[in-house]
Every structure is written in C-alpha cells, then in structure tokens.
Colleague: 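Before anything else, here's the structure in question.
Letters A, B, ... mirror the listed sequences (proteins, then strands); counts begin at 1.
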Amino acid sequence: MCRVEDAVLSLLQGCNSMQRLHKIHAHAVIHGLDLRPAVTAKLLSFCATSSAGDLSYALVLFSRLPIPATPHWNSLIRGFAVSPSPSFSISLYNSMFCSADCRPDAATFSFLLKACGRAATAEKSREVHGTIFRSGFASNLIVSTNLSRAYSDNGFVKDARKVFDEMPERDIVAWNSIIACYCRVGMHEEAIKVYRKMSAVGFGLDEFTVVGLLSSCAHLGALELGVWVHKLAVKNGFLKKNVFVGNALVDMYAKCGNLQQARQVFDQMPKRDIFTWNSMLFGLSMYGCGQEAITLFDQMLMAGIQPNDVSFLGLLMGCNHQGLADEGVKHFHLMSSKFAIQPDAKHYCCVVDMLGRAGRLEEAIKFVKTSPFLFDSVLWRAMLSACKIHKNVEFGELVMENLIKMSAYNAGDCCLLAGIYASIGDSNGVSKMRKMVKEQGMKTTPGWSCIELNGEVRKFVVDDNSHPEIEEIHDKIKEMIRRATSLGFAPEIEEWMENGVGIHSEMLAIAFGLMRTPEGMRLRITKNLRICKDCHLLTKLVSHAFGREIVVRDRMRFHQFESGSCSCKDYW
DNA sequence: ATAGGGTTAG
C-alpha cells in the first residue's frame, strides 16, 4: 500500500462533511486511488451512513464500482434502512442476492432486518428468516436479535418471542430487546414477567432494562416495583449518566400517583431534554394542575428548550383538566403563530374537549366544522362525550348522525349516546342503542382496573367472576353501596348493581383493596377507560365512609378522592 | 470490514 493511499484513508477517517469528502475524493482521483477497495469502502460508508453524508451521492459512487463487494452493499443497505425509504434497502439486497460476485454476511442481515421492520413488510421478514436459517446465521446473536425486532416492528409479537426463545444463547441486549418489544405493544405484565425470568437466570440490569421496566410500571401503576427499580438505578449510578433513566422515572412517578416524587426527580436531574420537560408537563396536566403546567412551559422556554407537538398536547390537556378554556385556546393559536408547529388531530381534539366540557357546545361544534380534521371521527367522538356531560340529546343525536354518515361509529359511541338517553330517562333511546350494538356485532373495549398489593399487580375486568375471592368482593361492594346510600348515593343508572352484573372493574379493585389493606391505607387504582359518573360518586362517598384516600388514574387523568370529594372538583 | 436494546403523546 502506498503512502498516498494511507494519507487518503486517514483523511477519510476524520472527514465530517460532504464538502470535505469531495475534496478528498478529488485528491484520490488525481492519484489514481479512487477505485482502491479500501478507499471506495470508506467513501461509501461515510456518504451512506454518516448523519452528514448524502445517500444519493453514495449511489453515484456505488454505480462507478466495477464489482461491488459485500461491505459496499452493506453500507448502502445500512444507510437506506434508516432513511425515509427503507424499502430501497430491500431492493438493494435483492440485487445483491442475485449478484454472482459476493454473498450477504451477518452485517447484511442485520441492516436488512432493520429495513424490514421500518418498511413494515412481514412477508419479507419471514422470507429473510428462512434465508438466515438456511445460511446458518440464525446462531448469530446479533442477527437473531435483529430478526426478533423485525417481527416485533411488524406487529408479530409471538414470532418475535419465538425467535428469542430459540436463540442458542442470550445476552443482556437480547433480553432488553424482547422486554422493549412487550413495552411497545402495551403487554406490560409480560414485560415484567420476562424481567423476572431474566433475573432468575442470573442477569442483572442496565440502563435499557431499567427504562423498559419503568415504562411498564408507569402503564400498570406499579409504584412499589417502580420504587425498587429507582433504588437500583441510583445504586448503579444510571441516573447520573443517562437522561433516559431520569425521564422514565419522572413519568413513572407521575403515572403512579406520586407527583411530588416526580417533581423531585425532575428537579434533581443533572441534564434535561425535551422528554424530561414533556413528561413533567403531562404529569402536572394529569393531576389537573393546568396553571402549574403553564408555568413549567414558560420555564422550559427560558431553559432554551424548543417545545414540540407533544409539549403542546400536555399543556392543552392541563388547561382542559383545570377548565382553563381561554388559556388553552390562546396557546392552541400560539402553536402555529409563534412556534411554527402545525396542530394535529389530537390538539384539535383537546380543544373540542376543552370547549365542550366547559359547556361551550355551539362553539365546539363550530370549531370542529371549521377544522382541517372535519372528517376525523375522533373530533366528533370528543364532541359526543361533551354532549354526554351536559346531557344534550339534540347535539348528541346530531353528532351520532355525522358519525354514521362517515361510517365511523363504534360501540363506544353507541354507549355514549345510550348514556345521554339514560341520563334524561329515555329508556327507548337506551334500548335503541343497545340493539344497534348487538345487531351489528360491534365490540366494546373491555374495561379493566389494576391494584398493586405487596408489589404484585392484580387486574380486574368488568363482570369477571373468576377470582377466587369473588364472593367476598361482592359482599364488600354491597357494604360500600349500603354505606354510600346512607350518605345520599343515588346512581344515574341503577341496574348495574343487581347480582354483581355490570359492576365496573374499579369497584372490584377498590373492594379488593379495602379487604386486603390495613385500615386507613391509601388505595391506588389504575384503569384503562374513563371513570363513569356513578363510580365517581360512589368512590367519593366510599372515601368518606371508609376513611380512605383513594387515587384512581383513568385514561385521561388522576382523581384523588378524600373525605367525600375529588381533586378534579367533579370536572372531568 | 461494517452489526443488536431504551423514555413522553395516541
């Protein structure tokens, strides 16, 4: 190898811009070195994979190679896999596979699988799986971790797990990867189960494990487990060196009912990024602290962090939950005018909810009709739930007509309208809606509630009588209703307490909590749907009658029940 | 001559 080639290679090593690369390239051409394998590989690798690179120029370089070798193909496949057009990686691989001059190696498959995941091509993933199996790369740990990830990205969780289970050996990355897979699809109990298994076979945890676990704790409301993970994170120094860990902790504490602790972690973090601020914003908004959310938002600006669409969603939700409709609308307009962020359907939805909940129904409808998301059912759905809160049949029926016209109505919508009919005593309306759900075979989302006792999460599903303690639970619910009734409990919909049928899952969880925890202990419930009006009222009265603080996290926010009232001030 | 894992919202 000549000295000039050495020099060119070392220049390429330190290259950090395309401008620089062009100069080095010209230099190589002058000395007749531009087709040396080592030089072309380096040139290509920079253009295709560096953030300062240029994929189209990589293609130009590649086309000039008389016989591209495996590393050349790999660079391109790698570059396109993370580009906006990952499917081009697959085309490249197909050409490479047909070429007689080189064979794919382990790295090829790693990059290709990344592309398969991002391009959402389950069929290709399966085909590649076969190729990997036949060519003996299945025993490669990195390749099979990538394969598992590709299945997971395509929504095939079971296949992802199968690949994981069939690995001849697993390292911590493989374990973290499958845990993350369960987190992404919302199978948080499974994620924790896998961690316990990982731990049982002798693995410790690192930052990635911690982040996955905390995310699962957050979703399940598993505070005790979360606190345990927090301690381990501190002990290992993860918090100091890794911003992800702090972010996940802020989120976990906020979602598990401990806003003060979330704030404390937030305040003590050595470095904060956009996720940190957003997690805290959402934390405040979930507790109905809209005013504090606005303050935090201003502090975020002063700290020099540019807010993004998620920041505004948190802020708007905060305004919404505290009934700060005018503040909310003001910030909604600031989004595009001052921050150049286009509001998406979720932001519009939040404003509809905000206006509707505040009783400004006409304004809300007008807002929907003049929005770019006029044909998005989500906005109409938010409108429908505002009609339910304000028992407005007229608007409710109008909104339902719209949803039907758009063929976008679902069982939840029918339940909402049925609820409106029920609240004004129109039993014909109620049965009309029930018939509609039944005849059209629409599926409702089953409600569930979790309660954590001694580090173990118990899950209750509506009408689920399979629990061994079910009789005791029903007795407790009867007692709750009896004691609440003497405090004036009068439900809007009465039939649900007959014979244990139609009892919402949070009542099962609260009854269970009352049975199994010492007198006076705070109960924390996490549920997937919004709490209904009757359950809200009953929980208020139970908190008084049993002298318990009860914290319920529903789909939207926290309700802290104490001495007969709720932190949401009945505004939710 | 190169490879695999993580956080907020919905």
Colleague: Restricting to side-chain contact (heavy atoms from CB on, under 4.5 Å), what partner residues turn up for Asp101(A), sequence neighbours left out?
Modeller: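 Checked Asp101(A) against side-chain contact (heavy atoms from CB on, under 4.5 Å); matches are Ile67(A), Ser99(A).
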
Colleague: Determine the contact category for Asn74(A): base if any of its heavy atoms lies under 4.0 Å from a base atom, sugar-phosphate if only primed atoms, P, OP1 or OP2 are that close, otherwise nothing.
Modeller: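 Base: the residue Asn74(A), judged by heavy atoms under 4.0 Å, touches a nucleobase.
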
Colleague: Could you say whether the aromatic ring of Phe275(A) and the base of dT8(B) stack, counting only centre distances under 5.5 Å and plane angles under 30°?
Modeller: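 Stacking between Phe275(A) and dT8(B): absent.
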
Colleague: Which residues satisfy the ring pair (Phe, Tyr, Trp, His ring centres under 6.0 Å) test with Trp277(A), sequence neighbours excluded?
Modeller: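 Phe266(A).
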
Colleague: Among residues two or more places apart or on two chains, list those pairs meeting ring-ring contact (aromatic ring centres under 6.0 Å, His included) that have a residue in residues 41-61 of chain A.
Modeller: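 Counting only pairs at least two positions apart or across chains, the ring-ring contact (aromatic ring centres under 6.0 Å, His included) contacts touching residues 41-61 of chain A are His22(A)-Tyr57(A).
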
Colleague: Rounded to whole Å, how long is the line connecting atom CZ of Arg118(A) with atom P of dG4(B)?
Modeller: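 Distance, rounded to whole Å: 13 Å.
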
Colleague: Mind checking side chain to side chain donor-acceptor pair (under 3.5 Å) for Lys527(A) and listing every partner two or more places apart, or none if nothing turns up?
Modeller: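 Testing Lys527(A) for side chain to side chain donor-acceptor pair (under 3.5 Å), a comparison that skips the adjacent residues, returns Glu506(A).
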
Colleague: Taking atom P of dT2(B) as reference, at what distance in whole Å does atom CG of Leu9(A) sit?
Modeller: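 For the pair Leu9(A) CG and dT2(B) P, the rounded distance is 13 Å.
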
Colleague: Under 4.0 Å, counting only non-hydrogen atoms across every strand here, what does Leu141(A) touch: a base, just sugar-phosphate, or nothing?
Modeller: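 The residue Leu141(A) makes base contact.
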
Colleague: Roughly how many Å is it from CZ in Arg553(A) to P in dT8(B), rounded to a whole number?
Modeller: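 Rounding to the nearest Å, CZ of Arg553(A) and P of dT8(B) are 11 Å apart.
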
Colleague: Under the side chain to side chain donor-acceptor pair (under 3.5 Å) rule, collect the residues that match up with His331(A), sequence neighbours excluded.
Modeller: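 Once residues adjacent in sequence are excluded, His331(A) has no partner under the side chain to side chain donor-acceptor pair (under 3.5 Å) criterion.
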
Colleague: By side-chain contact (heavy atoms from CB on, under 4.5 Å), which residues pair with Lys241(A), not counting sequence neighbours?
Modeller: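 Once residues adjacent in sequence are excluded, the partners of Lys241(A) under the side-chain contact (heavy atoms from CB on, under 4.5 Å) criterion are Glu207(A), Phe238(A).
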
Colleague: From C-beta outward on Val245(A), which listed nucleotide comes closest to its side chain: dG6(B), dT7(B), dA3(B)?
Modeller: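 Nearest listed nucleotide: dG6(B).
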
Colleague: Kindly point out which of dA1(B), dT8(B), dA3(B) is positioned nearest to the side chain of Ala106(A)?
Modeller: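 Of all the options, the side chain of Ala106(A) is nearest to dA3(B).
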
Colleague: At what distance, to the nearest 0.5 angstrom, does CG of Leu313(A) lie from CD1 of Ile341(A)?
Modeller: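 Answer rounded to 0.5 Å: 11.5 Å.
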
Colleague: In whole angstrom, what separates Leu379(A)'s CG from dG10(B)'s C1'?
Modeller: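 My rounded result for the distance is 14 Å.
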
Colleague: It should be established whether Arg149(A) places a side-chain nitrogen or oxygen under 4.0 Å from OP1 or OP2 of nucleotide dA3(B).
Modeller: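 Negative; the distance criterion is not met.
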
Colleague: Looking across every strand, which nucleic acid part, if any, lies under 4.0 Å from Asp171(A) by heavy atom: base, sugar-phosphate, or nothing?
Modeller: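 Here Asp171(A) touches the bases of the nucleic acid.
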
Colleague: Select one nucleotide: of dT7(B), dA9(B), dG4(B), the one nearest the side-chain heavy atoms of Asn146(A).
Modeller: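 Closest of the options to the side chain of Asn146(A): dG4(B).
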
Colleague: Whole angstrom is fine here: how far is it from CD1 in Ile132(A) over to P in dG4(B)?
Modeller: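 From Ile132(A) CD1 to dG4(B) P: 14 Å.
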
Colleague: Under 4.0 Å, heavy atom to any atom of DNA chain B: which of residues 345-357 of chain A qualify?
Modeller: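 Within residues 345-357 of chain A, the residues near DNA chain B are Lys346(A).
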
Colleague: From the list dG6(B), dT8(B), dA9(B), which nucleotide is the closest neighbour of the side chain of Asn278(A)?
Modeller: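 The answer is dT8(B).
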
Colleague: Would you find a donor on one side and an acceptor on the other, under 3.5 Å apart, between the side chain of Arg170(A) and the backbone of Phe164(A)?
Modeller: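 Yes; at least one donor-acceptor contact below 3.5 Å.
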
Colleague: Name the nucleic acid region contacted by Arg184(A), choosing base, sugar-phosphate or nothing; use a 4.0 angstrom heavy-atom cut-off, strictly under.
Modeller: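 Sugar-phosphate contact only - Arg184(A) comes under 4.0 Å of backbone atoms but never of a base.
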
Colleague: Please name all residues satisfying side-chain contact (heavy atoms from CB on, under 4.5 Å) with Phe62(A), sequence neighbours left out, ordered by chain then number.
Modeller: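 Scan of Phe62(A) (side-chain contact (heavy atoms from CB on, under 4.5 Å), adjacent residues dropped) gives Leu44(A), Leu65(A), Pro68(A), His72(A), Trp73(A), Leu76(A).
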
Colleague: What nucleic acid atoms does Asp344(A) come within less than 4.0 Å of, heavy atoms only: base, sugar-phosphate, or nothing?
Modeller: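 Nothing, no heavy atom under 4.0 Å.
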
Colleague: Just checking His219(A): base, sugar-phosphate only, or nothing, at a heavy-atom cut-off of under 4.0 Å?
Modeller: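 Answer is sugar-phosphate: His219(A) comes under 4.0 Å of backbone atoms only.
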
Colleague: Given dG6(B), dT2(B), dG4(B), which nucleotide is nearest the side-chain atoms of Arg78(A)?
Modeller: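 It is dT2(B).
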
Colleague: Return the residues of residues 247-269 of chain A meeting this criterion: a heavy atom under 4.0 Å from some atom of DNA chain B. Order them by number, or give none.
Modeller: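 Going residue by residue through residues 247-269 of chain A, the ones with a heavy atom under 4.0 Å of DNA chain B turn out to be Asn247(A), Asp251(A), Lys255(A).
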
Colleague: Give every donor-acceptor pair under 3.5 Å between a side-chain atom in residues 185-205 of chain A and any protein atom, sequence neighbours left out.
Modeller:
{"unit_1": "His188(A)", "atom_1": "ND1", "unit_2": "Ser216(A)", "atom_2": "OG", "d": "3.0"}
{"unit_1": "His188(A)", "atom_1": "NE2", "unit_2": "His219(A)", "atom_2": "ND1", "d": "3.3"}
{"unit_1": "Glu190(A)", "atom_1": "OE2", "unit_2": "Arg161(A)", "atom_2": "NH1", "d": "3.3"}

Colleague: Kindly write out the residues that satisfy side chain to side chain donor-acceptor pair (under 3.5 Å) with Asp267(A), not counting sequence neighbours, or none if the list is empty.
Modeller: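 With neighbours one apart ignored, the set is Arg263(A).
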
Colleague: Within the distance-only criterion (no hydrogens, no angle test), does the side chain of Asp309(A) pair as donor or acceptor with the backbone N or O of Phe312(A) below 3.5 angstrom?
Modeller: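 Looks like no, no N/O pair under 3.5 Å.
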
Colleague: When you measure from every atom of DNA chain B, which of residues 282-305 of chain A have a heavy atom less than 4.0 Å away?
Modeller: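 Of all residues in residues 282-305 of chain A, the ones placing a heavy atom under 4.0 Å from DNA chain B are Phe282(A).
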
Colleague: Parallel under 30°, tilted from 30 to 60°, perpendicular over 60°: which one fits the rings of Phe558(A) and Tyr287(A)?
Modeller: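 Judged by the thresholds at 30° and 60°, the geometry between Phe558(A) and Tyr287(A) is parallel.
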
Colleague: What is the separation between atom CG on Asn308(A) and atom C1' on dA9(B), rounded to the nearest whole Å?
Modeller: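 Atom CG in Asn308(A) sits about 9 Å away from atom C1' in dA9(B).
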
Colleague: Take the protein atom CD of Glu207(A) and the nucleotide atom P of dG4(B), then report the distance between them rounded to whole Å.
Modeller: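 The distance from CD of Glu207(A) to P of dG4(B) comes to 17 Å, rounded to the nearest Å.
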
Colleague: Out of dG6(B), dG10(B), dA1(B), which nucleotide sits closest to the side chain of Asp105(A)?
Modeller: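 Looking only at side-chain atoms, Asp105(A) lies closest to dA1(B).
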
Colleague: Over how many whole Å does the gap from Met167(A) atom CE to dA3(B) atom C1' extend?
Modeller: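 Distance check: Met167(A) CE to dA3(B) C1' gives 14 Å.
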
